[in-house]
Amino acid sequence: MRPFDFYWKNSDKGGNIMAMLWRKFYIDWDNKENVLKLVQQDGEYFYFVSERLRNDKDIVLAAVQQNWRIFDYVPEELRNDKDVLLAAIKQNGSFFRSIPKELRNDKAFLLLVVKQNGMCLEYIPEKLRDDKDIIMAAAKQNAESLQYTSKKILNNPKFALSIVQQNGMALKYLSKRLRNNKKIVMAAVQQNGAAFAYASKRLCNNKLIATIATKQKGEVLMFASKRLCNDKDIVFSAVRQNGYALHFASKRLHNDTNIVLVAIKQDGRTLKYASKELRNDRNIVTAAVRQNGYALRYASENLRNDKDIVMAAVRQNGLAFKFASEGLCNDIDVATLAVLQNPFIIDYVPKDMCNNKNFIITLVQQRGQLLQCASDELRNDKDVVLTAIRQDGFALCFVSEKLRNDKNIVLQAVLQDGYALQFASKMLQNDKDIVLAAAWQNGCALQFASNKLRDDENIVRIIVERDGMNLVYASGRLLSDKGTVLTAVRQNGLALEYAFERLLCDKDVVMAAVQQNGCSLEYASIELCDDKDIALAALQSSPYAFKYVSPRLKLDKDIRKAAGLD
C-alpha cells in the first residue's frame with residue numbers, strides 16, 4: 001500500500017489530508033516533543049516523522065496506541081517489541097494473528113495480551129485456550145471471550161465461582177447447572193447486577209438475589225419472576241435505581257403512589273407506566289413534568305388542561321407544548337414560555353397567535369429574531385419591529401421591505417448590530433448617516449455599504465482610523481490612495497496586505513506599517529525588504545520580522561543585533 005492510499009482510506013473522509021500536508025511542510029518532524037503530541041492526536045502523522053524518530057519507541061508506541069494500522073510503517077527492529085504489539089492488539093484483537101510465532105506460545109506474553117483484549121482468546125493456540133490463568137484474565141477483561149473456551153472447564157463450580165467474582169457477566173457462558181447454583185449466581189450479581197439476566201428461572205424468583213441485582217441495575221426487574229415483580233420492596237429498589245423499571249412492575253404496583261413517585265423523580269417519563277388514576281393525580285403529574293416536561297404527554301386529558309402543570313412542563317422542556325390542551329395552546333403565557341424555551345416550538349403555535357401583537361411583542365422583547373414568527377402584518381408594524389431590532393439588530397432581516405427603507409428603523413438596527421446594514425434597502429446602504437452608524441458599531445459593516453460610499457474617502461478614513469483592517473472593504477481606488485492606506489497602516493500595520501502593489505513599494509507607507517507592526521514587512525516589496533532602515537524599524541517593533549528581511553540583510557551585523565541573534 002502506498003502511504004497516501006493509507007490516508008485517503010483511513011482519514012475522516014479524506015478531510016484531514018490537507019491539514020496533514022500543511023503540517024508536513026511547516027513542522028519540525030525531528031522534534032520529539034512536538035511529534036509526540038501530534039501522533040498522540042492522530043497516529044497517521046507517523047508517516048511524516050524523521051528517520052531518527054521512527055526508531056524511537058516512545059513515538060512508535062504513541063502512534064500505534066492511537067491507530068493500530070500504523071504498525072505497517074513501524075521499523076523492523078520494533079515490530080517484535082512486546083509493548084508495541086500489545087498496543088496494537090488492544091485496539092484490534094485480530095491483529096494477534098500477525099504476531100511472531102514464538103510469542104504465540106509464550107504464556108506470560110499471552111496473559112498480557114488477554115488483559116489488554118480478552119477477545120484475543122479466539123486466536124490463542126488450543127493447548128493454551130483452556131489454561132485457567134489465561135481464561136481468568138480474558139474473562140475479567142471481557143466476559144464475551146468465554147465463548148472461545150471449552151464447556152468442560154466452564155462446568156467446574158470452583159473455577160466458575162472465581163470467574164464470576166471477577167466479571168459477573170461471565171454467568172452468561174456457564175452451564176445451566178451452574179446458572180442454577182445460588183452461590184455462583186449470588187457472586188455474579190454482586191459483581192454486576194446485569195448478570196441477573198442469565199440466572200435460572202428458579203433463582204430469578206429468589207428475593208435476596210433480585211434485591212442485590214435491582215439495586216445495581218433497576219431494569220433487570222424485567223427478568224424477575226411475576227411474584228417478585230409484584231413485591232413492593234423489590235420494585236421499590238428497582239425504580240429508585242432506574243425509574244424505567246416501573247414498566248416491569250405488576251399492574252397493582254403501577255397504582256402505588258409511593259413507588260410511582262420514586263420512579264418519576266428518577267425519570268419523569270415513567271409516568272407512562274403509572275395507572276390511569278395516578279396519571280390524573282395532580283401531585284404525581286406535577287412531580288413528573290418538573291423532572292421531564294415531556295411527561296406531560298402521559299398526563300390525563302384533564303391535567304393537560306391545567307395551566308400550572310402545563311407551565312411547569314414547558315418551563316422544563318418547551319416541546320411539552322405539543323401535548324397541552326387546545327385551550328392552553330392559545331394561552332399567551334403558555335405559548336410565550338414555550339417558544340422562549342425552544343424557538344422551534346413555534347411550528348406548533350396556532351397560526352392566529354402569530355398575528356397577536358401582544359404575543360409577538362412579548363417574544364421579541366426577549367429574542368428579537370423571533371420576529372420571524374410574526375405575521376406579515378406585524379412585520380410591518382413599527383412598534384413590533386422597533387422592539388425586535390432594539391433587542392437584536394439582526395432581526396432587520398425579518399422586517400417588511402417597506403420598513404427596511406425606513407431610516408429610523410434601520411438606524412436603530414445598525415446601532416445595535418452593524419451587520420444589520422446588509423438587510424437595509426439599497427437606498428439606505430447609500431446613506432452616509434446609516435453607513436457611519438453601522439461601521440462605528442462594527443467596522444466590517446462597510447462591506448455592505450454602496451459602492452459609492454465605499455469609495456468615499458472621508459467615510460473610509462473614519463472607519464480605518466478605528467480598525468485599519470477594514471481597509472479590505474474600501475474601493476479599489478482607495479486601496480491605491482496613499483493617504484487612506486497610511487491612515488489604515490498607522491492603526492494596524494497588517495492592513496498593508498490590502499494595499500495595491502504600487503504602495504507596497506512606497507517607503508513612507510511601508511515604514512508607517514512596520515513601525516506599527518513589524519511583521520507587516522511580509523507584505524512589502526522585495527526592494528523594501530532589502531532596505532536597512534525599513535528592516536531596522538520592523539525589528540524594533542517585532543524581532544519576528546527577521547523572517548521577512550531579505551537574505552542579504554539577514555547577514556548584516558546591525559540587523560542580526562536588532563533581531564537579538566548576535
Side-chain angles (χ1 to χ4, degrees), residues 136 139-140 142-144 146 154-275 277-279 281 283-284 287-288 291-292 295:
M136 185 70 74
K140 185 177 181 180
N142 190 335
E144 295 295 322
L146 292 177
L154 291 179
N155 205 28
N156 183 314
K158 288 185 178 179
F159 185 60
L161 180 62
S162 61
I163 287 179
V164 297
Q165 285 173 337
Q166 296 295 320
N167 189 336
M169 297 305 288
L171 186 65
K172 176 181 178 180
Y173 294 100
L174 300 187
S175 64
K176 287 185 178 180
R177 181 173 66 86
L178 295 184
R179 283 189 275 133
N180 194 38
N181 182 302
K182 186 176 179 180
K183 187 176 181 180
I184 290 174
V185 173
M186 182 75 78
V189 298
Q190 283 176 333
Q191 200 283 324
N192 189 332
F196 185 69
Y198 305 109
S200 66
K201 285 187 178 181
R202 182 178 73 86
L203 294 180
C204 281
N205 192 37
N206 183 289
K207 185 171 181 177
L208 179 59
I209 291 176
T211 301
I212 293 170
T214 54
K215 280 183 177 178
Q216 287 189 55
K217 302 278 185 181
E219 63 272 23
V220 298
L221 183 65
M222 69 167 72
F223 303 109
S225 65
K226 286 185 178 180
R227 180 180 73 85
L228 294 183
C229 286
N230 193 39
D231 185 292
K232 191 169 181 177
D233 296 333
I234 296 289
V235 173
F236 192 84
S237 71
V239 298
R240 186 163 52 190
Q241 198 283 323
N242 186 337
Y244 180 71
L246 182 64
H247 177 42
F248 309 108
S250 66
K251 287 186 177 180
R252 179 179 72 87
L253 295 181
H254 284 180
N255 196 40
D256 186 291
T257 302
N258 293 329
I259 285 178
V260 171
L261 198 58
V262 169
I264 61 177
K265 283 183 177 178
Q266 208 277 331
D267 186 343
R269 292 168 298 180
T270 56
L271 180 66
K272 176 181 180 179
Y273 307 112
S275 65
E277 182 184 338
L278 293 184
R279 280 187 274 152
D281 183 292
N283 293 330
I284 292 288
Q291 200 284 326
N292 191 319

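Computed from heavy atoms alone, side chains included, the values below leave out hydrogens, waters and symmetry copies.
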**Fill in**
What one should report as the nearest heavy-atom pair of Leu154 and Leu178 is O-CD1, 3.1 Å

**Prompt:** Is there a donor-acceptor contact under 3.5 Å from the side chain of Gln216 to the main chain of Val189?
**Reply:** yes

**Message:** For Ser237 and Thr211, which I'm curious about, is there any donor-acceptor pair between the side chains at under 3.5 Å?
**Reply:** no

**Prompt:** Once you round to the nearest 0.5 Å, how far does CG of Leu261 lie from CG of Asn283?
**Reply:** 8.5 Å

**Prompt:** Is any side-chain heavy atom of Asp233 less than 4.5 Å from a side-chain heavy atom of Phe236?
**Reply:** no

**Message:** Within the 4.5 Å heavy-atom criterion, are Asn205 and Lys226 side-chain neighbours or not?
**Reply:** no

**Item:** Point-to-point distance, once rounded to the nearest 0.5 Å, from CG of Asn181 to CZ of Arg202
**Value:** 8.5 Å

**Asked** Considering all heavy atoms of both residues, which atom of Leu228 and which atom of Cys204 are nearest to each other, and what is their separation?
**Response** CD1-O, 3.3 Å

**Prompt:** Are any side-chain N or O atoms of Arg177 and backbone N or O atoms of Asn155, one a donor and one an acceptor, separated by less than 3.5 Å?
**Reply:** yes

**Message:** Whether the side chain of Arg279 engages the backbone of Ala274 through a donor-acceptor N/O pair (distance < 3.5 Å, no angle test) should be reported.
**Reply:** yes

**Message:** Test your reading of the model: is there a side-chain donor-acceptor pair from His254 to the backbone of Tyr273, 3.5 Å cut-off?
**Reply:** yes

**Pairwise distance SG(Cys229) to CG(Leu221) - rounded to 0.5 angstrom** = 4.0 Å

**Prompt:** When you look at Leu174 and Ile184, which way does the side-chain contact (heavy atoms from CB on, under 4.5 Å) test go after all the steps?
**Reply:** CA-CA 10 Å; Leu174 300 187; Ile184 290 174; 3.8 Å; yes

**Asked** Nearest heavy-atom pair of Val220 and Gly193: which atoms, and what distance?
**Response** CG1-O, 3.8 Å

**Request:** Taking all heavy atoms of Asn242 and all of Glu219, pick out the closest pair and write down the distance.
**Result:** ND2-OE1, 3.1 Å

**Fill in**
Between Ala199 and Leu171, the two heavy atoms sitting closest are N-CD2, 4.0 Å

**Fill in**
Between the CG atom in Asn142 and the CG atom in Asn167, the distance rounded to the nearest 0.5 Å is 7.5 Å

**Request:** Calculate, to the nearest 0.5 Å, the distance between atoms CZ and CG belonging to Phe196 and Leu203 respectively.
**Result:** 8.5 Å

**Message:** Distance alone, cut at 3.5 Å: any donor-acceptor contact between the side chains of Glu144 and Tyr173?
**Reply:** yes

**Prompt:** Rounded to the nearest 0.5 Å, how far does CG of Asn255 lie from CD of Glu277?
**Reply:** 4.5 Å

**Request:** Kindly determine whether Asn230 and Arg252 satisfy side-chain contact (heavy atoms from CB on, under 4.5 Å), including the steps that lead there.
**Result:** CA-CA 7 Å; Asn230 193 39; Arg252 179 179 72 87; 3.0 Å; yes

**Message:** Is the ring pair His247/Tyr244 parallel, tilted or perpendicular, if the boundaries are 30 and 60 degrees?
**Reply:** tilted

**Item:** Side-chain touch Ser275/Lys251, heavy atoms, less than 4.5 angstrom
**Value:** no

**Message:** Is the shortest side-chain heavy-atom distance between Lys232 and Asp256 below 4.5 Å?
**Reply:** yes

**Fill in**
Ile259 and Val239 have their tightest heavy-atom pair at O-CG2, 3.9 Å

**Steps toward side-chain contact (heavy atoms from CB on, under 4.5 Å) verdict (Leu208, Met186)** = CA-CA 9 Å; Leu208 179 59; Met186 182 75 78; 3.5 Å; yes

**Request:** Show the numbers, then the answer: is there a side-chain contact (heavy atoms from CB on, under 4.5 Å) between Gln291 and Gln266?
**Result:** CA-CA 8 Å; Gln291 200 284 326; Gln266 208 277 331; over 6 Å; no

